[in-house]
Amino acid sequence: MINITTLPVATRDVRERIQRRMCGAASASFTPASLISGLTMRKLLAILLISCWASLAYAQKADLIVTNAKLVTLDPASTIAQALAVRDGRIVAIGGNDAVEGLIGPATRRVDAGGRTIIPGLIDSHIHAVRAGLTYATEVNWIGAKTIPEAMERLRQAATAPPASWIIVAGGWSELQFTEKRRPTLAEVMAAVPDNPAYIQLFYSAVLMTPKAQQALGMSADQLPAGITTERAASGDATGWLNGSIVSISALFDRLPRPNFEENVAGTRQFFTELNRLGVTGIVDPGGFSIYPSHYAALQKLWRDKSLSVRVAFSLFAQNVGAEFDEYKTLTPFLPMGFGDDMLRFNGLGERITGAMYNNNAPDAAAKDKFREIIRWAAKQGMTITIHWQEDKSVHHLLDLYDEVNKETPLAPLRWSIAHLDNTSPETLARMKALGVGWTMQDAMYLGGDRIVAQVGEAARSMPPIATALRMGVHVGAGTDAHRVASYNPFVALQWMLDGKTVGGLSTRGPDETPSREDALRLYTVGSAWFCFDETRRGTLETGKLADFAILDRDFLSVPVEQIGATASLLTVVGGKVVYAADAFSSAK
């Protein structure tokens with residue numbers, strides 16, 4: 001149930017105490033010289049006090065006021081407010097329009113929301129945004145394309161860049177999003193971009209490469225990279241598609257031309273602005289394949305230039321298989337847990353801790369010993385760990401090791417987490433709850449649910465068990481795992497959380513595991529903030545919290561569920577600063 005209330009601004013006695021602290025010292029320390037008459041002294045003191053009070057009154061005015069809104073605070077009482085005031089990057093008042101009137105000064109920016117819905121800024125608890133930004137300016141995106149001709153048109157538009165430039169689609173799509181319900185053929189791609197080398201990646205399972213692309217990389221049908229195989233039709237003819245694993249396809253992607261530093265910076269800026277357009281104000285980034293320390297330079301430049309428009313908490317993903325521990329010990333001495341500021345912060349290790357335990361459902365003793373050594377060390381260093389684990393049937397291997405470490409160093413304060421695990425059981429959730437381990441849950445089944453249903457049948461009705469996890473008190477954060485394997489659109493993920501339908505329209509998850517709209521929104525805000533120790537600072541709209549919020553183009557709480565995925569922000573604010581404004585609010589920038 002949502003309550004509609006008006007919250008009071010600071011009371012008079014609180015304001016007076018603040019004013020005494022600010023002005024009292026100045027007046028008390030003023031000692032008149034013997035040559036100044038009592039009358040003159042009284043005049044000077046009066047001027048000083050008037051000046052002090054005037055300065056105080058000016059300083060206490062808001063930087064930004066938003067009124068006439070349906071403000072979904074997500075506070076413990078589920079309050080719906082009407083207005084908020086921001087000063088120095090934080091919310092200083094929230095309630096009815098009259099609650100903020102006294103905070104309006106000559107320099108205050110005023111935004112009339114026009115009755116629109118405002119939500120706390122969305123936080124993706126598991127997105128490979130740093131890596132996505134590196135190539136965003138030089139890639140073609142098929143997210144949202146509804147037909148193969150539309151996808152081909154996007155390739156053609158990209159080919160108007162320098163002649164013979166590479167055309168790269170790095171993922172984030174599924175054949176089921178197309179009306180045709182199939183992948184594009186090699187002939188269709190070559191017809192669209194005959195003069196360009198083209199590389200089309202589908203998840204981490206398949207790649208289409210045109211002959212020009214294969215030639216540029218020194219490949220042929222007889223000389224494919226390790227782990228890559230040719231896909232053949234029933235007739236035996238090659239389809240043009242190549243199959244592989246996450247490791248082999250990642251290695252193949254690494255052979256593509258790399259954007260230069262300026263393109264990295266431009267792409268990162270563009271991608272973060274795109275996230276802002278969708279109401280995202282924060283991310284938790286677990287690193288990823290082939291993203292080395294040097295690849296964080298573009299992110300760090302935007303941070304140094306104070307140009308970051310998304311708060312980033314990032315993890316260290318092991319790149320050197322077999323030498324992971326040396327890698328961590330080399331890179332972390334100057335990265336203590338939590339190092340950074342409100343915009344960029346180090347958030348521990350993950351999501352690959354060791355290569356031997358990654359996607360390994362039957363780790364041997366040697367793999368466990370090495371993993372145990374690293375996580376024991378990380379716990380003693382006070383580091384957070386997030387780990388990629390997909391199968392409930394094998395997660396006991398992981399949790400047994402966590403139990404061992406927990407006996408030496410309590411894990412609950414460290415906020416370790418497991419990513420993915422869509423088929424997790426109540427027994428696993430109970431073990432996670434007891435350890436204080438959280439769950440970052442993504443919408444993988446939106447693009448991949450049809451395949452999963454074909455594999456597991458009726459069991460998919462409880463995948464992922466969102467409502468069970470909430471009922472058991474497990475910390476859950478929502479996210480996307482974008483952009484190679486998913487869309488980065490949070491509203492697509494939120495719609496999927498509520499209707500359980502895949503991109504092809506198949507209904508998978510049942511009503512017993514479907515959260516309410518408010519619960520779903522909490523998972524994408526304050527729920528995700530928990531994974532970077534920020535739930536007391538952001539994720540809800542309350543006085544004292546960071547002023548991160550978005551004005552939406554539709555009411556998330558009442559619009560038909562099937563329309564939620566098309567939601568966008570009209571105005572996005574991070575720390576009181578407008579980072580995105582659509583035409584309707586262009587004057588607010």
Side-chain angles (χ1 to χ4, degrees), residues 1-11 14 66-67 69-87 89-100 113 116-125 279-282 284 311 342 412-413 415 417 429 432-433 436 438-441 466-479 490 494 497-498 514-552 555-558 573-576:
M1 172 141 185
I2 296 175
N3 304 315
I4 300 179
T5 63
T6 299
L7 307 181
V9 294
T11 57
V14 172
V66 182
T67 56
K70 178 180 179 180
L71 215 152
V72 183
T73 68
L74 297 184
D75 68 6
S78 298
T79 303
I80 298 295
Q82 190 178 29
L84 61 78
V86 177
R87 181 171 59 242
R90 293 182 178 271
I91 298 171
V92 293
I94 191 165
N97 287 337
D98 57 344
V100 300
R116 296 181 178 90
T117 295
I118 296 180
I119 62 170
L122 300 174
I123 304 169
D124 192 315
S125 66
V280 175
T281 60
V284 185
R311 302 187 193 275
D342 285 344
R415 303 196 179 185
S417 62
L429 291 171
M432 292 169 64
K433 168 66 175 175
W439 177 32
T440 59
M441 181 273 307
I466 302 172
T468 295
L470 292 177
R471 190 165 54 248
M472 295 177 68
V474 176
H475 287 286
V476 184
L494 284 163
M497 289 166 67
L498 296 171
T514 299
S516 68
R517 294 196 192 206
E518 188 174 355
D519 282 343
L521 193 56
R522 286 182 188 278
L523 296 185
Y524 233 114
T525 52
V526 67
S528 292
W530 182 87
F531 293 85
C532 49
F533 298 85
D534 264 359
E535 76 280 6
T536 62
R537 304 173 67 246
R538 56 188 171 124
T540 65
L541 300 178
E542 300 177 83
T543 55
K545 286 200 169 183
L546 294 169
D548 298 357
F549 58 88
I551 302 178
L552 304 182
D555 182 14
F556 174 81
L557 294 181
S558 65
V573 174
V574 175

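- Of the possible polar contacts, none joining the Thr79 side chain to the Thr73 backbone as a donor-acceptor pair under 3.5 Å is found.
- For the pair Val66/Val573, no side-chain contact is recorded, criterion being any heavy-atom separation below 4.5 Å from C-beta on.
- Taking OG1 from Thr281 and CZ from Arg311, the interatomic distance works out to 7.0 Å, rounded to the nearest 0.5 Å.
- Residues Pro120 and Leu74 approach most closely at CG-CD1, 3.8 Å, considering heavy atoms.
- Taking 4.5 Å as the limit, some side-chain heavy atom of Phe549 sits within range of a side-chain heavy atom of Leu84.
- Heavy-atom minimum distance, Ser125 versus Ser528: CB-OG, 3.4 Å.
- Taking CG of Leu557 as the reference point, atom CG of Leu552 lies at 9.5 Å (rounded to 0.5 Å).
- You'll find the side chain of Leu470 stays beyond 4.5 Å of the side chain of Arg522, heavy atoms only.
- Looking only at distances, a side-chain donor or acceptor of Lys545 sits under 3.5 Å from a matching main-chain atom of Glu535.
- Looking only at side-chain heavy atoms (C-beta outward), Tyr524 and Asp124 come within less than 4.5 Å of each other.
- In summary, Arg537 and Asp342 engage in a salt bridge, as defined by a charged side-chain N under 4.0 Å from a carboxylate O.
- Residues Arg538 and Ile123 come closest through the heavy atom pair NH1-CD1, 3.6 Å.
- Closest approach of Ala113 to Ala69, counting heavy atoms only: CB-CB, 3.6 Å.
- Residues Leu541 and Ile119 have side chains not in contact (no heavy-atom distance under 4.5 Å, counting atoms from C-beta outward).
- For the pair Val72/Thr117, a side-chain contact is recorded, criterion being any heavy-atom separation below 4.5 Å from C-beta on.
- Between atom NZ of residue Lys433 and atom CH2 of residue Trp439 there is a gap of 15.0 Å, rounded to the nearest 0.5 Å.
- Taking CG of Leu71 as the reference point, atom CD of Gln82 lies at 9.5 Å (rounded to 0.5 Å).
- Tested against His475, the residues Trp530, Phe533, Phe531 include a single ring pair (Phe, Tyr, Trp, His ring centres under 6.0 Å) partner, Trp530.
- Nearest heavy atom pair, residue Pro515 against residue Ile466, reads CG-CG2, 4.0 Å.
- Without hydrogens or angle criteria, Asp548 side chain to Gly575 main chain gives a donor-acceptor distance under 3.5 Å.
- How far CD1 of Ile94 is from CD1 of Ile118: 8.5 Å, rounded to the nearest 0.5 Å.
- The side-chain heavy atoms of Met441 and Met497, taken from C-beta on, include a pair separated by under 4.5 Å.
- When all heavy atoms of Val526 and Thr540 are compared, the closest pair comes out as CB-CG2, 4.0 Å.
- In this structure, the side chains of Thr440 and Val284 stay at 4.5 Å or more apart for every pair of heavy atoms.
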